[in-house]
Asker: 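So that we are looking at the same thing, I have put the structure below in structure tokens.
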Amino acid sequence: MSASANSSTFILRGARPYGGDPVDLVLRDGAVAEAAAAGTASAAGATVVDADGLVALPGLVDLHTHLREPGREDAETVETGTQAAALGGFTAVHAMANTDPVADTAGVVEQVWRLGREAGHCDVAPVGAVTVGLGGERLAELGAMADSAARVRVFSDDGKCVSDAVLMRRALEYVKAFDGVIAQHAQEPRLTEGAQMNEGALSGVLGLRGWPSVAEEAVIARDVLLAQHVGSRLHVCHVSTKGSVEILRLAKERGIDVTAEVTPHHLLLDESLAASYDPVYKVNPPLRGKDDVQALRQAVADGVIDAVATDHAPHAAEDKEGEWANALPGMLGLETALAIAQEALVETGLLDWAGVADRLSTRPARIGRLAGHGRPLRAGEPANVVLVDPAVRRAVDPGALASRSRNTPYAGRTLPGRVVATFLRGRPTVLDGALA
Amino acid sequence: MRHLVSAGDLSRDEALLVLDTAHEMAGLQQREIKKLPTLRGRTVVNLFYEDSTRTRISFEAAAKRLSADVINFSAKGSSVSKGESFKDTALTLQAMGADAVVVRHSASGAAQRLAASGWVGGSVVNAGDGTHEHPTQALLDAYTMRRRLNAGTGDLAGRRVAIVGDVLHSRVARSNVLLLATLGADVTLVAPPTLLPIGVESWPCAVSYDLDAVLPKADVVMLLRVQRERMSEAYFPSAREYTRRYGLDATRAAALQDSAIVMHPGPMNRGVEIAAEVADSERSTIVEQVANGVSVRMAVLYLLLGGAFDTSKEQQR
Ligand SMILES: [Zn+2]
């Protein structure tokens, strides 16, 4: 950090780390300088932030963000997507590889990484494609992406499943050389051809082709066994079913090195919304049953699911307003993720704020091997901090989102909590709930 | 009621009102001058994203006999095929002053989407959406059953209806199950397990894999069209095996009660789901269904555009 002393020192007065007792958190030169008794900290030229009643958490880390640049800058850019991230309390996001061109070379991942640095709203960790062009046939140059300036550690064909068992095995083995991880979009392709929503009684009534749970669970079961066989690290993207949770629980009990994420929308919404045929509720994997939602919440609480990851998927209006079958799947997530975690996990008593910090910051940072993120809020650690006011409740206004797209499924819904400030290495990216 | 999107939207009283009104319309069709002035000055748009000449001309005839102006807007040879969005097309129709939009679409939910979107101000009539519903087909089927079995009055309480074939992909089956349940009929779906949707046990009907067990008790056998391409998707091994297990041939038809009728929404695959001699027999209502389709669609347009659906009945449901 090169900023002068008077702009680089912040005192977060009365903040409650992890929802605990209030302290004065002093951020200086990019690090947490001290956690002083509440009301006692002072420093010449410091900016004091009134954090009375606010919960302080380590900056959130998203394992699953679609920033759409390069290729679909009409839906999102690195600039707008990372603004949305900062406003949502994130200090780092993993940018998925399904861009155009696909992030399957060192050149593309470095471009995305550089755009993130220039934007400066949060760190952007590009995800590299597993296979060339997401084609599922030949491995992309995983090592070159790992060795690039972007230091890629997470590899995924997200949007598509690495369904070929041999290719998946090789990918799992290969990335061990640089401590990488394969993040699998678990979707058996033949079982889900033309699939539009969760397969169950409702899909039959609505006449929408079903996406059966088994298409996810069969791939996860295979992959955890492959990971065990070759002694590799596996990450499972957007787990959506109760059965997947059971498989993950068993795999973890067996000591298999697997981690998993769930999206905020799978923790809050269920398939009944598809009955409107409003494509804002179309997402992949699809919204599931109420039982699945309950099982996923419990799995986050138990730690079987390691992380809440947004799968932030901006889409242009014309891709989201016509017929259900012709719409693209995906939902915005960055600006509402923490609110949904509060509603689905904290207010239900399943997690405390320390648990939220663990699932939205500590563990995702560890999975992505982001050394400077997900660190504890204590002296000497990087000053990546988010302040959230848990007492506020407010309706989601799509027009007020920073994302370039408007495809939020929460329009008009009242959600708890508000991100008041976000600090990236001691520098505010958000203050008073607005971009700093 | 402003729109007709699902057969499930109709209460028993509303369904009977449509059938009774269709009966009156049919009576008027016996007169020398078939046209009624009822919808003079109103515009009905047939918005067809899928080829279905029979359904389109049925709606067209219905609207014209009510003196409405009819605009046919078909996906072929129009801006739709040049990639105009559903929304933009709908807004265009609205600008033309459509009082009703009759929509046929390959995407399930398209009619509901149009009705809920606010893009069009008029009534939306679902003329078949993907594998979801086809409510006017169910109404004309119920009308046909009532004429043949109940002398054209009342509901269908206790009547046994077997719906046979590709239920999974059939909008006709979905609408029929909902409407027939509302009208009190006992419906049994008969199909190989591959052609029944997951969760069908929650529908208001029974399910059987055995056509021969169902036929002797049936008052109505409704056969659904089986598309040959389902074979390549492994829903069943061959057309021949399908016909052997689920086709209605003369031998099987002999097991039916004397009074039982045979229905088909068309177009038929003669020799696959239905044998020619059954399709052409006295039991068959297939030609009658077409004629009844016009009367029923006249009734639907008349009631929707005339605002004659008593909304207080809707409240009671
Ligand atoms: Zn995915």
Side-chain angles (χ1 to χ4, degrees), chain A residues 74 189-215 217 241 243 270-282 286-292 315-329 406-407 411-412, chain B residues 5-8 47 49-50 75 80 83-91 103-119 126 128-134 166-175 177-178 189 195-205 207 233-234:
Chain A
D74 59 323
R190 287 278 287 142
L191 281 171
T192 51
E193 277 172 20
Q196 297 294 327
M197 70 170 291
N198 181 46
E199 184 164 79
L202 186 60
S203 63
V205 169
L206 296 178
L208 290 173
R209 194 179 282 231
W211 198 131
S213 297
V214 61
E217 293 154 8
T241 79
D270 67 66
E271 63 173 357
S272 63
L273 293 162
S276 66
Y277 293 101
D278 184 340
V280 78
Y281 302 115
K282 180 171 172 176
L287 299 176
R288 302 286 186 185
K290 290 185 166 56
D291 280 7
D292 296 297
H315 286 300
E318 63 269 23
D319 290 323
K320 274 301 208 185
E321 66 186 358
E323 308 89 325
W324 180 282
N326 297 343
L328 296 177
R406 293 290 169 264
N407 56 306
Chain B
V5 169
S6 162
L47 174 58
Y49 282 82
E50 236 183 18
V80 173
E84 184 178 74
S85 75
F86 193 38
K87 177 183 176 178
D88 289 333
T89 302
L91 293 174
V103 61
R104 169 78 154 226
H105 203 299
S106 60
S108 297
Q112 184 174 325
R113 197 71 191 115
L114 194 60
S117 64
W119 299 328
N126 185 1
D129 63 323
T131 56
H132 178 224
E133 285 214 42
H134 194 356
D166 185 359
V167 175
L168 180 63
H169 300 98
S170 176
R171 50 193 172 211
V172 175
R174 281 171 181 75
S175 286
V177 166
L178 291 170
L189 299 173
L195 291 176
L196 290 165
I198 294 280
V200 71
E201 59 281 356
S202 65
W203 293 17
C205 61
V207 172
E233 298 167 59

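Here is how names work: the chains are called A, B, and so on, in the same order as the sequence lines, proteins then strands, and each is numbered from 1.
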Asker: S202(B) side chain to A201(A) main-chain N or O, any donor-acceptor pair under 3.5 Å?
Answerer: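 Pair absent, no side-chain N/O of S202(B) close to backbone of A201(A).
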Asker: Roughly how far, to the nearest 0.5 Å, is the CZ atom of R113(B) from the CG atom of N326(A)?
Answerer: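 So the CG of N326(A) and the CZ of R113(B) are separated by 11.5 Å.
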Asker: Between chain B and each of L202(A), L208(A), D278(A), count heavy-atom pairs under 4.5 Å; write down the option with the most.
Answerer: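 Ranked by heavy-atom pairs under 4.5 Å with chain B, first place is D278(A).
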Asker: Can you tell me which portion of E318(A) sits under 4.5 Å from chain B's heavy atoms? Options are side chain, backbone, both or neither.
Answerer: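 No part of E318(A) comes within 4.5 Å of chain B.
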Asker: Quick one: does any side-chain atom of R174(B) pair with a main-chain N or O of G204(A) as donor and acceptor, under 3.5 Å?
Answerer: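 A pair under 3.5 Å: yes.
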Asker: Can you confirm whether more than 12 heavy atoms, excluding those of I198(B), are under 6.0 Å from its CD1 atom?
Answerer: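 Open: at most 12 neighbouring heavy atoms sit under 6.0 Å from CD1 of I198(B).
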Asker: Answer with side chain, backbone, both or neither: which region of A275(A) has an atom nearer than 4.5 Å to a non-hydrogen atom of chain B?
Answerer: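 Just the backbone, heavy atoms under 4.5 Å.
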Asker: Are E323(A) and S106(B) close enough that some pair of their side-chain heavy atoms sits under 4.5 Å apart?
Answerer: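 Contact flag for E323(A)/S106(B) side chains = no.
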Asker: Are Y277(A) and S108(B) side-chain neighbours, meaning at least one heavy-atom pair lies under 4.5 Å?
Answerer: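 They are in contact (side-chain heavy atoms under 4.5 Å apart), so the answer is yes.
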Asker: When heavy-atom pairs shorter than 4.5 Å are enumerated against chain B, which of P279(A), P212(A), S203(A), A325(A) gives the highest number?
Answerer: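 When all of P279(A), P212(A), S203(A), A325(A) are compared, P279(A) has the most.
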